[in-house]
Amino acid sequence: MITHLPTCACCGDVLADERRIDFGFNLPDAARDLPEEALHRLAVPALLRVDGVGCFIRCLLAVKLTHDTELVLGAWVEVDEATLLRADELWQRPGYAELTVRGTFANRIQPWGDTLMGAEVTAKVADPEELPRVVDVHHPAAAHVLTRTWDRDHVLSRFPFPLPVDVRTDLGDHWSVLRTAGLTASFADGTDHFTAPDRSAAVNLLTDDVPGRAPRDFLTALMAGAPDTRPAQRAYEPLGGGVRYAFWLTPQDHGRPRHEFYGMAVAPGTATGIFCTYEDAADLEWAQRVWRSLDRAVNTA
């Protein structure tokens with residue numbers, strides 16, 4: 001399990017700088033399903049002995065992302081007993097600055113998955129106020145995690161918890177959508193869900209079963225039975241070789257507590273539909289922004 005953002009991977013304090021995004025793994029993967037009595041934390045929560053599994057030290061793995069962003073992962077490194085005891089002896093003491101940790105990575109992190117899991121790493125203390133930071137990965141296939149700059153959307157879209165930045169998320173069939181800051185992400189029954197306490201968006205893909213039908217005609221078929229809203233509550237726009245259409249309803253229109261927004265983005269043979277709800281009428285602008293973010297790679301300059 002991962003703690004929610006935006007908090008520091010070391011201490012849990014809230015972070016305001018969007019250029020550094022922290023995730024903290026609560027436990028090594030091998031300890032996730034074990035009872036609490038099997039977990040023995042030493043002087044600080046970052047030092048852990050797990051019955052029948054091994055010894056672990058929580059370290060920082062810093063990954064460079066595009067948009068001048070750094071992803072800092074507070075993850076676990078499996079070490080031998082002697083290393084754990086030495087860390088316990090030095091932690092929060094002057095000698096902590098000289099601590100070196102060598103062990104194997106103990107969390108599976110997407111998009112790197114099995115490439116990182118079990119890789120041998122070395123971590124050193126760069127800042128006495130932080131956890132030891134991984135400075136070397138001793139595995140040819142995994143070393144590029146440290147040395148390469150990764151596409152921010154590609155990496156962060158793998159994390160389902162609220163993010164402090166917008167992230168473009170792949171929907172399949174070359175479609176993508178903007179998951180705005182502060183929303184969780186999940187996928188169920190063919191639909192991507194993005195959720196916060198006061199708003200939500202659900203997006204799904206649609207395929208035209210009539211070969212060669214024009215996007216405008218496909219849209220007409222998709223909108224059959226939709227309410228005939230006032231002109232001020234609908235929008236129609238071009239989208240590359242296709243079209244976009246949306247309409248929205250207020251609680252006064254439908255009797256439900258939230259505002260509702262229905263949108264379509266249609267390209268030849270394919271479409272995406274989006275349904276947004278929100279409490280504050282001012283968030284119509286947010287729903288329209290997410291709707292307009294629906295795009296196919298072929299439509300992107």
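Values in this document were obtained by computation on a predicted structure and should not be read as measured data.
Formation of a donor-acceptor pair under 3.5 Å by the Thr104 side chain with backbone atoms of Ala119 is not found in this model.
In this structure the side chain of Leu47 never reaches within 4.5 angstrom of the side chain of Arg41, judged on heavy atoms. The closest side-chain heavy-atom distance from Leu48 to Leu39 is below 4.5 Å. At a threshold of 4.5 Å between non-hydrogen side-chain atoms, the residues Val63 and Leu61 count as touching. By the 4.5 Å heavy-atom criterion applied to side chains, Val266 and Leu222 are counted as neighbours. Taking 4.5 Å as the limit, every side-chain heavy atom of Asn204 sits out of range of all side-chain heavy atoms of Asp192. Looking only at side-chain heavy atoms (C-beta outward), Leu99 and Trp91 come within less than 4.5 Å of each other. With a 4.5 Å cut-off on side-chain heavy atoms, Glu237 and Trp291 count as touching.
Asp283 and His259 are not linked by any side-chain donor-acceptor pair at a separation below 3.5 angstrom, with hydrogens and angles left out of the test. Under 3.5 Å, the side chains of Glu98 and Tyr96 contain no donor-acceptor pair of N or O atoms. With hydrogens and angles left out, the side-chain atoms of Thr250 and Asp253 include a donor and acceptor closer than 3.5 Å.
Remark: Arg148 is positioned above the aromatic ring of Trp150, its terminal NZ or CZ atom under 6.0 angstrom from the ring centre and at most 45 degrees off the axis.
Closest heavy-atom contact between Leu163 and Leu156: CD1-O, 3.8 Å. The minimum heavy-atom distance linking Phe105 with Ala75 is given by the pair CZ-CB, 3.6 Å. Across Leu27 and Asn107, no two heavy atoms sit closer than the pair O-ND2, 3.0 Å.
The only member of Thr169, Thr270, Asp170 that meets side-chain hydrogen bond (donor to acceptor under 3.5 Å, both in side chains) when paired with Trp175 is Thr270.
Between the SG atom of Cys276 and the CZ atom of Arg258 there is a distance of 11.0 Å, given to the nearest 0.5 Å. Here Thr69 contributes atom OG1 and Arg19 contributes atom CZ; the two are 9.0 Å apart, rounded to the nearest 0.5 Å. Taking OH from Tyr262 and CE from Met223, the interatomic distance works out to 10.0 Å, rounded to the nearest 0.5 Å.
Heavy atoms from other residues, nucleotides or ligands lying under 6.0 Å from CZ of Arg86 number 12 at most.
Between Arg289 and Glu285 there is no salt bridge, since no side-chain N of the basic residue sits under 4.0 Å from a carboxylate O of the acidic one. Looking at Arg296 and Asp173, a side-chain N of the basic residue comes within less than 4.0 Å of a carboxylate O on the acidic one, giving a salt bridge. Note on Lys64 versus Glu70: no salt bridge recorded, every NZ/NE/NH1/NH2 to OD/OE distance being 4.0 Å or above. Under 4.0 Å is where a charged nitrogen must lie from a carboxylate oxygen, and between Asp166 and Arg179 no such pair does.
In this structure, the ring of Phe23 has its center less than 6.0 angstrom from the ring center of Phe159.
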